[in-house]
Colleague: 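One structure is given below, represented as structure tokens, and several questions about it will come after.
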Amino acid sequence: MHIPTPCVHSSLQKNQIAGTAMAVEVPIANDERGYNGKITCIVILSCMVAATGGIIFGYDIGISGGVTSMVPFLEKFFPEVYIKMKQDTKISNYCKFDSQLLTTFTSSLYIAGLIASFFASSVTRAFGRKPSILIGGAAFLIGAALGGAALNIYMLILGRVMLGVGIGFANQSVPLYLSEMAPPRYRGAINIGFQLCVGIGVLSANLINFGTEKIKDGWGWRISLVMAAVPASMLSLGSLFLPETPNSIIQHSKDRHKAKLMLQRIRGTNDVQQELEDLFEASDISNSIKHPFKNILHRKYRPQLVMAIAIPFFQQFTGINVISFYAPILFLTIGLGESASLLLSAIVTGVVGTTSTFISMLMVDKLGRRVLFISGGIQMFLSQVIVGSIMATQLGDHGEISKIYAYLILLLICIYVAGFAWSWGPLGWLVPSEIFQLEIRSAAQSITVAVNFLFTFIVAQTFLSMLCHFKSGTFFFFGGWVVVMTVFVYLLLPETRNVPIEQMDRVWREHFFWKTIVGEKS
């Protein structure tokens with residue numbers, strides 16, 4: 001069955017988004033809770049717009065590594081790196097890019113995003129998902145302008161901070177929005193639209209870098225940075241026409257009639273009573289809680305808190321940022337030219353990743369989350385170990401690796417990226433966004449985003465130094481973490497496929513371990 005993919009921005013008029021929904025021919029069978037409905041146009045169009053929040057995240061991931069390998073950019077802002085790269089022939093291949101100032105430029109975004117995500121929680125809970133999405137797009141737009149016009153390192157880093165604020169708000173609100181709008185049966189596919197857009201953003205950024213790197217006057221990096229304004233404008237303008245989710249309407253405005261009308265509109269049927277009753281029940285519990293960050297520490301929320309911390313932590317320790325942020329640098333390290341590095345980076349992190357995420361979108365609601373997590377983990381582990389072994393035996397501190405081995409590493413990295421893109425990439429955002437009860441949802445999602453940003457910052461800040469000191473051992477380091485997270489999923493993560501979002505607490509009460517923490521199902 002074809003599932004519409006909510007990832008590509010479409011030009012929308014207000015009456016198209018907020019008007020009466022037309023049901024497309026994708027009927028949803030009643031689940032065990034008696035929910036009715038169809039996938040409607042309003043759901044598809046709204047999720048397409050909201051998921052463009054993934055494009056801004058992906059664009060920044062892709063643009064950072066490419067720009068920081070461009071000679072004119074390094075000469076202007078990081079001359080010591082340029083000297084090591086071009087003039088110091090005695091320095092180790094693994095240490096050419098080891099600069100704390102360079103990594104501060106990259107990772108300052110994530111500290112800003114970490115802090116912003118907690119402010120986003122309050123906005124999302126008090127005013128709804130839509131305002132947070134709008135703030136995210138606007139802040140990212142300001143950051144793109146500052147980065148493209150940067151005259152010195154301070155202006156450059158300020159732009160990165162504003163980009164971080166934008167991503168902090170978008171990553172906190174967009175996955176929640178998608179999970180709440182989606183019918184339970186297709187929640188996985190629709191939510192993965194966010195990660196699919198991340199892949200599109202990465203691919204777009206790397207292709208733009210490949211073109212701008214060839215500009216002879218040396219200002220191509222400015223185009224790369226300022227082009228981030230395009231997806232930011234799409235998100236900002238599109239968010240003005242988004243409808244609020246029924247969950248959010250009930251939570252922040254307490255207008256139950258309005259919520260019922262919206263639920264009927266997005267489900268394409270008037271028979272929504274069972275789902276509406278679950279929303280009202282969840283809202284009553286939510287309204288009784290004044291301090292969600294304190295409440296999430298209670299024992300009955302222990303599984304959700306563990307997942308809110310563990311899943312984003314593990315996502316960053318897959319080693320994906322070794323590829324995503326620094327793929328061009330890695331290819332330079334193994335002896336490929338600057339232009340070839342950017343092009344190969346675009347292929348690896350873009351085409352392979354986006355295609356694999358699309359496959360995940362089609363399969364996640366059929367195979368389930370656990371199957372994709374575990375199979376992807378095995379695939380990533382094997383490719384990392386082989387890449388590490390090749391680099392350990394074939395690449396010394398000086399000289400270049402042979403072209404045969406360079407292209408073998410490229411193939412293995414493609415396999416690795418594919419494994420990540422249909423497992424920990426999309427599911428690292430999907431699973432946290434669907435497992436939290438309404439009363440802790442905004443707070444828990446903020447914790448998820450904050451932990452993601454914190455460990456993205458740590459990995460980004462330490463990777464170049466780690467590469468310098470661990471050398472090829474870096475791949476074995478992250479490979480070991482992949483083993484740990486795969487075992488964690490196998491033992492502790494229950495299957496959430498087809499479970500209504502407001503009934504998700506039951507999966508913990510039925511799990512062999514978590515039921516000893518939260519109590520068995522009554």
Side-chain angles (χ1 to χ4, degrees), residues 6-12 17 45-67 105-106 108-110 112-117 119-120 123-124 129-150 155-178 193-209 211-212 221-242 324 350 354 429 449 453 456:
C7 61
V8 183
H9 176 72
S10 173
S11 202
L12 301 172
I17 284 284
L45 296 176
S46 298
C47 290
M48 285 169 63
V49 174
T52 57
I55 295 181
I56 67 174
F57 188 30
Y59 187 87
D60 179 78
I61 291 172
I63 220 70
S64 299
V67 166
F105 160 73
T106 298
S108 58
L109 177 148
Y110 298 99
L114 186 158
I115 296 171
S117 67
F119 289 98
V123 173
T124 301
R129 285 52 168 153
K130 178 177 173 178
S132 287
I133 295 174
L134 176 59
I135 292 171
F140 199 87
L141 187 60
I142 295 172
L146 287 172
M155 192 172 175
L156 190 70
I157 291 179
L158 178 61
R160 291 287 294 172
V161 169
M162 290 305 299
L163 295 177
V165 172
I167 290 177
F169 271 84
N171 285 14
Q172 195 277 340
S173 53
V174 169
L176 291 185
Y177 185 91
L178 297 176
F194 176 79
Q195 182 66 25
L196 184 63
C197 283
V198 172
I200 291 172
V202 171
L203 175 60
S204 301
N206 283 322
L207 292 176
I208 288 172
N209 278 340
T212 58
W221 61 268
R222 291 191 183 275
I223 295 178
S224 293
L225 294 180
V226 82
M227 284 294 288
V230 175
S233 299
M234 291 162 56
L235 181 63
S236 300
L237 295 175
S239 67
L240 296 175
F241 305 107
L242 289 178
S324 298
T354 303
W429 293 106
V449 174
F453 283 157
T456 302

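Fair warning: this is a prediction, and the values are worked out from it, not measured in the lab.
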Colleague: Between K130 and L240, which heavy-atom pair has the shortest distance, and what is it?
Modeller: NZ-O, 3.1 Å

Colleague: Side-chain polar contacts of residues 155-171 - donor-acceptor pairs under 3.5 angstrom, sequence neighbours left out - could you list them?
Modeller:
| from | atom 1 | to | atom 2 | distance (Å) |
| --- | --- | --- | --- | --- |
| R160 | NE | F105 | O | 2.9 |
| R160 | NH1 | D60 | OD1 | 2.5 |
| R160 | NH1 | D60 | OD2 | 3.4 |
| R160 | NH1 | S64 | OG | 3.2 |
| R160 | NH2 | T106 | O | 2.5 |

Colleague: Ignoring hydrogens, what is the shortest heavy-atom contact between A138 and S236? Give both atom names and the distance.
Modeller: N-OG, 3.1 Å

Colleague: Does some side-chain heavy atom of L196 sit less than 4.5 Å from a side-chain heavy atom of T354?
Modeller: yes

Colleague: If you take all heavy atoms of I133 and A50, which pair is closest and at what distance?
Modeller: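 That would be CD1-CB, 4.4 Å.
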
Colleague: Kindly compute the distance separating CZ (R129) from OG (S46), expressed to the nearest 0.5 Å.
Modeller: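 The CZ atom of R129 sits 14.5 Å away from the OG atom of S46.
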
Colleague: Run the side-chain hydrogen bond (donor to acceptor under 3.5 Å, both in side chains) test against Q195 and tell me which residues pass, sequence neighbours left out.
Modeller: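 For Q195 there are no side-chain hydrogen bond (donor to acceptor under 3.5 Å, both in side chains) partners, ignoring immediate neighbours.
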
Colleague: Side chains of Q172 and T124: any donor to acceptor distance under 3.5 Å?
Modeller: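 Side chains of T124 and Q172: pair found under 3.5 Å.
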
Colleague: With a 4.5 Å heavy-atom cut-off, do V174 and W429 have their side chains touching?
Modeller: no

Colleague: Can you tell me how far apart CG (L242) and OH (Y177) are? Round to the nearest 0.5 Å.
Modeller: 4.5 Å

Colleague: Can you give me the closest heavy-atom contact between L114 and F453, atom names plus distance?
Modeller: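 Taking L114 first and F453 second, the nearest heavy atoms are N-CD1, 3.2 Å.
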
Colleague: Looking at every non-hydrogen atom in both residues, tell me the closest pair between V123 and S132 and how far apart they are.
Modeller: CG1-OG, 3.4 Å

Colleague: Would you say that P131 contacts L134 through its side chain, given a criterion of any heavy-atom pair below 4.5 Å between the two side chains?
Modeller: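 Not touching, per the 4.5 Å side-chain cut-off.
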
Colleague: Just verifying a value: how many Å separate L235 CG and T52 OG1, rounded to the nearest 0.5 Å?
Modeller: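 OG1 of T52 is found 4.0 Å from CG of L235.
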
Colleague: To check you understand the geometry: which heavy-atom pair defines the closest contact between C197 and A51, and what is its length?
Modeller: CB-O, 3.2 Å

Colleague: I'd like to check the side-chain hydrogen bond (donor to acceptor under 3.5 Å, both in side chains) partners of S224; sequence neighbours left out, ordered by chain and number.
Modeller: N209, T212

Colleague: Taking only residues two or more places apart in sequence, or in another chain, which ones meet F57 in a ring-ring contact (aromatic ring centres under 6.0 Å, His included)?
Modeller: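 F57 satisfies ring-ring contact (aromatic ring centres under 6.0 Å, His included) with no residue once adjacent residues are dropped.
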
Colleague: Do L178 and C47 have side chains that get closer than 4.5 Å, going by heavy atoms?
Modeller: yes

Colleague: Taking side-chain hydrogen bond (donor to acceptor under 3.5 Å, both in side chains) as the definition, give me every residue that meets it alongside S173, ordered by chain and number, with sequence neighbours left out.
Modeller: none

Colleague: Please round to the nearest 0.5 Å and tell me the distance separating atom CD1 of I63 and atom CD1 of I208.
Modeller: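 These two atoms lie 5.5 Å from each other.
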
Colleague: Quick one: side chains of residues 139-148, donor-acceptor pairs under 3.5 Å with protein atoms, not counting sequence neighbours, listed by atom name and distance.
Modeller:
none

